[in-house]
Protein chains: 2
Amino acid sequence: MVTLKQLAEQLNVSVSTVSKALHESEEISKDTIDRVKALAKHLNYQPNKVAISLKSNKTKTLGVIIPNILNHFFAKVLFGIEEEATKKGYDIIICISNESYTKELQSLEVLGNGSVDGFIISIAEETQIKNQIQHIESVLQQDLPVVMFDRVSDVINCDKVVIDDFGAAYEATKHLLNEGRKQIVLLSNIEELSVGKLRVNGYLKAIEEASGYKSVPILVHIRSNDDLEASIDAMYKQYPKLDGILSVDNTTGVVALHKALKKGIKVPKDLSIIGFSDENVLPFTDPKLSTISQHAPDIGKASVDVLIERIKKGKPDHFQTKTIKTNLTLRATTK
Amino acid sequence: MVTLKQLAEQLNVSVSTVSKALHESEEISKDTIDRVKALAKHLNYQPNKVAISLKSNKTKTLGVIIPNILNHFFAKVLFGIEEEATKKGYDIIICISNESYTKELQSLEVLGNGSVDGFIISIAEETQIKNQIQHIESVLQQDLPVVMFDRVSDVINCDKVVIDDFGAAYEATKHLLNEGRKQIVLLSNIEELSVGKLRVNGYLKAIEEASGYKSVPILVHIRSNDDLEASIDAMYKQYPKLDGILSVDNTTGVVALHKALKKGIKVPKDLSIIGFSDENVLPFTDPKLSTISQHAPDIGKASVDVLIERIKKGKPDHFQTKTIKTNLTLRATTK
DNA sequence: CTGAAAGCGCTAACAG
DNA sequence: CTGTTAGCGCTTTCAG
């Protein structure tokens with residue numbers, strides 16, 4: 001890599017003159033600026049980023065900590081993060097916590113050593129279950145800004161980007177009720193997560209408010225160790241009259257649809273299904289699954305915007321929580 | 001962040017003494033080492049990574065350039081990369097080329113400024129089609145090592161990690177032939193990619209070698225602008241007698257399976273299907289799709305290992321190409 | 001208009 | 001055993 005010093009030597013000027021010239025300082029003559037720039041271009045000079053970071057105490061790099069990159073939702077958020085960060089001139093360093101508290105902690109520690117200007121994080125399932133948040137507080141205390149998205153913690157005081165999980169589930173349930181469904185099941189494999197709980201609450205609220213709805217709320221939770229397909233078979237056996245399903249995760253809605261079709265249940269005539277699935281599963285459904293669109297890339301984009309603003313402005317009087325709108329996209333599994 | 005200088009001041013010793021003590025230098029007395037370490041621990045001293053990078057001219061960071069994070073294969077490779085890099089004490093900076101040559105070029109330029117010690121890259125579709133590779137050559141000329149994986153270029157001289165695409169497709173086709181299939185179609189939506197071409201060649205070779213096989217080879221290519229499901233419907237219409245499908249991408253095999261079942265074709269009695277799909281699609285298939293397992297995380301892991309070795313050893317006499325084994329995993333869509 | 005010098009945080013040769 | 005000094009590449013006063 002060519003350095004300022006090398007340019008300076010070749011031009012018989014000082015390093016500081018070269019530096020100023022490249023920044024088009026008023027102090028430097030037009031002529032010198034031109035000569036410096038010409039040589040810099042010729043030798044393909046690129047300022048050493050590490051040196052600039054050391055000097056400025058800024059890295060122009062964001063730390064991104066994601067629970068699971070194999071989850072398509074997070075992949076899409078990451079896509080949005082990468083795009084927006086690049087647009088704003090930031091690099092991203094990513095760590096995958098793999099739903100582990102320890103990995104998350106280590107990632108924060110490793111990147112906290114001056115490697116990044118701030119963090120974007122969605123916390124691991126284990127962290128959320130244990131409600132262990134000291135590691136995040138400690139980053140915040142070092143004046144490194146943090147933006148939490150999707151899986152957030154109420155007890156941490158920082159900027160957040162979320163979707164209206166409660167409202168989205170509420171609306172979807174309302175839709176099923178308006179279709180005249182009599183027994184609507186909530187299906188979930190993310191019981192432990194904050195977002196899972198909010199979605200359950202939205203469902204419960206809508207059911208509760210429904211006048212003339214006779215069934216009790218039915219929650220079918222599938223745990224990660226359970227056999228997914230067997231559990232769904234069991235659900236159909238246990239609730240032979242169910243005529244509406246709200247799946248609040250990416251997978252269970254699609255499987256429930258396949259199983260229903262296999263059983264000969266008419267969708268959407270006798271059963272409506274709405275999922276929180278991503279479009280990536282649509283090629284695998286027929287009829288096409290109706291879903292709640294979460295606009296994952298927008299969540300990523302918003303997280304970057306909020307974080308960069310916070311990096312530039314410093315600690316505020318109070319932090320902001322941005323809510324990204326969802327859409328109920330009705331396709332062919334609802335009337 | 002607490003610095004060496006601060007430790008030195010509090011202990012009334014010099015900065016270099018502190019530095020050496022923390023590295024347990026022979027030069028320093030046991031007593032001093034203990035005192036320094038105690039204070040460092042107490043104040044939670046963390047060496048500033050940027051300063052170390054500047055000094056050592058190493059960042060302990062790898063640049064990873066991926067065409068599309070929404071493609072599950074790449075997400076899995078990234079998972080393997082992240083895991084292995086973390087294990088070896090490296091951070092990863094990721095860029096998503098989004099299949100664009102320009103984005104790829106920019107990423108290499110941005111990270112080439114001393115931000116990373118080397119690159120892991122799978123080239124963009126556009127790059128592969130245009131066969132534009134000057135940007136990668138130029139990185140190599142700066143003595144920044146590059147490891148290419150999956151989508152590699154024959155004309156670039158660097159380390160590579162690939163799977164045996166040709167052999168995998170060859171074996172899978174052989175299997176279909178051994179089942180006694182009479183009309184085997186190759187189905188692909190990745191015609192333009194190097195890996196897509198290799199897989200086609202493996203299929204062709206197996207067909208060619210099959211004595212007593214009457215049908216000509218049949219290649220069904222679906223382009224990104226085509227309607228996937230309509231194209232597959234058209235395939236079944238055009239080849240009513242087809243009894244074997246080798247899908248060489250992640251998606252088309254699953255859709256072909258769904259369509260076949262919908263048409264009432266018995267799988268695997270009257271039709272066998274093998275895909276290059278990832279396990280993530282398996283919950284959406286019934287019968288379960290037989291696939292070629294690509295061991296994507298292993299590709300990521302191997303890429304990291306090769307790159308770090310190259311970073312440490314410097315330019316070799318000749319570069320290595322590592323081939324990751326595939327597995328033909330027979331499930332329920334083959335006999 | 002240009003240059004010398006200090007310093008970001010760290011390491012390492014060299015001196016004491 | 002400990003300290004002084006120089007230097008990684010850059011920016012930024014402050015002198016000239």
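The sequence lines fix the lettering, A, B, ..., with proteins before strands; numbering per chain opens at 1.
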### Task
Assign each of A/T17 and B/S14 to its nearest nucleotide of DNA chain D by heavy atoms, then name whichever residue's nucleotide is nearer the 5' end.
B/S14
#### Entry: Whole-Å distance separating the CD atom of A/Q46 from the C1' atom of D/dG9
14 Å
### Message
Among B/E104, B/E126, B/E99, exactly one meets salt bridge (charged side-chain N to carboxylate O under 4.0 Å, His left out) together with B/R151. Which residue is that?
### Response
B/E99
### Task
Answer yes when B/D159 and B/K322 have at least one side-chain N-carboxylate O distance shorter than 4.0 Å, and no when they do not.
no
### Task
Rounded off to whole Å, could you give me the CD-to-P distance for the B/E9 and C/dC10 pair?
12 Å
### Task
Have a look at B/T3 and say if it touches a base, only the backbone sugar-phosphate, or nothing, with a 4.0 Å heavy-atom cut-off.
sugar-phosphate
### Message
What is the separation between atom NZ on A/K49 and atom P on D/dC10, rounded to the nearest whole Å?
### Response
14 Å
### Task
With the side chain of B/K5 defined as its heavy atoms from C-beta on, choose the nearest nucleotide among D/dC10, C/dA12, C/dC8.
C/dC8
### Test: B/K87 and B/E84 ion pair at under 4.0 Å
yes
### Query
Counting only N and O atoms by type, is there a donor-acceptor contact under 3.5 Å from the side chain of B/T61 to the main-chain atoms of B/T59?
yes
### Query
Between A/F149 and A/F73, how do the two ring planes meet: parallel, tilted or perpendicular, split at 30° and 60°?
tilted
### Salt bridge present between A/K49 and A/D91 (N-O < 4.0 angstrom)
yes
### Query
Whole Å only: how far is the CG atom of A/L4 from the P atom of D/dC8?
12 Å
### Message
Give me the atom names and distance for the closest heavy-atom approach of A/K37 to A/L22.
### Response
CE-O, 4.1 Å
### Message
Would the base of D/dT4 count as contacting B/S16 through its side chain, where contact means a donor and an acceptor less than 3.5 Å apart?
### Response
yes
## Note on the structure
Atom CG of B/N48 and atom C1' of D/dG9 are separated, to the nearest Å, by 15 Å
### Query
Taking OP1 and OP2 of C/dC10, is either one under 4.0 Å from a side-chain nitrogen or oxygen of B/Y45?
yes
### Query
Taking NZ, NE, NH1 and NH2 as the nitrogens, is one of them in B/E9 or B/K5 under 4.0 Å from a carboxylate oxygen of the other?
no
### Contacting residues from residues 50-63 of chain A, given that a heavy atom lies under 4.0 angstrom of DNA chain D
A/A51, A/I52, A/K55
### Message
Just the rounded figure in Å: distance from P of C/dG9 to CE of B/M1.
### Response
8 Å
### Query
Is A/K160 reaching over with its side chain to a backbone N or O of A/I156, donor-acceptor style, under 3.5 angstrom?
yes
### Query
Under a 4.0 Å heavy-atom cut-off, which of residues 22-44 of chain B touch DNA chain C?
B/H23
### Query
For the side chain of B/S19, counting heavy atoms from C-beta on, which of C/dA12, C/dT11, D/dC14 is nearest?
C/dT11
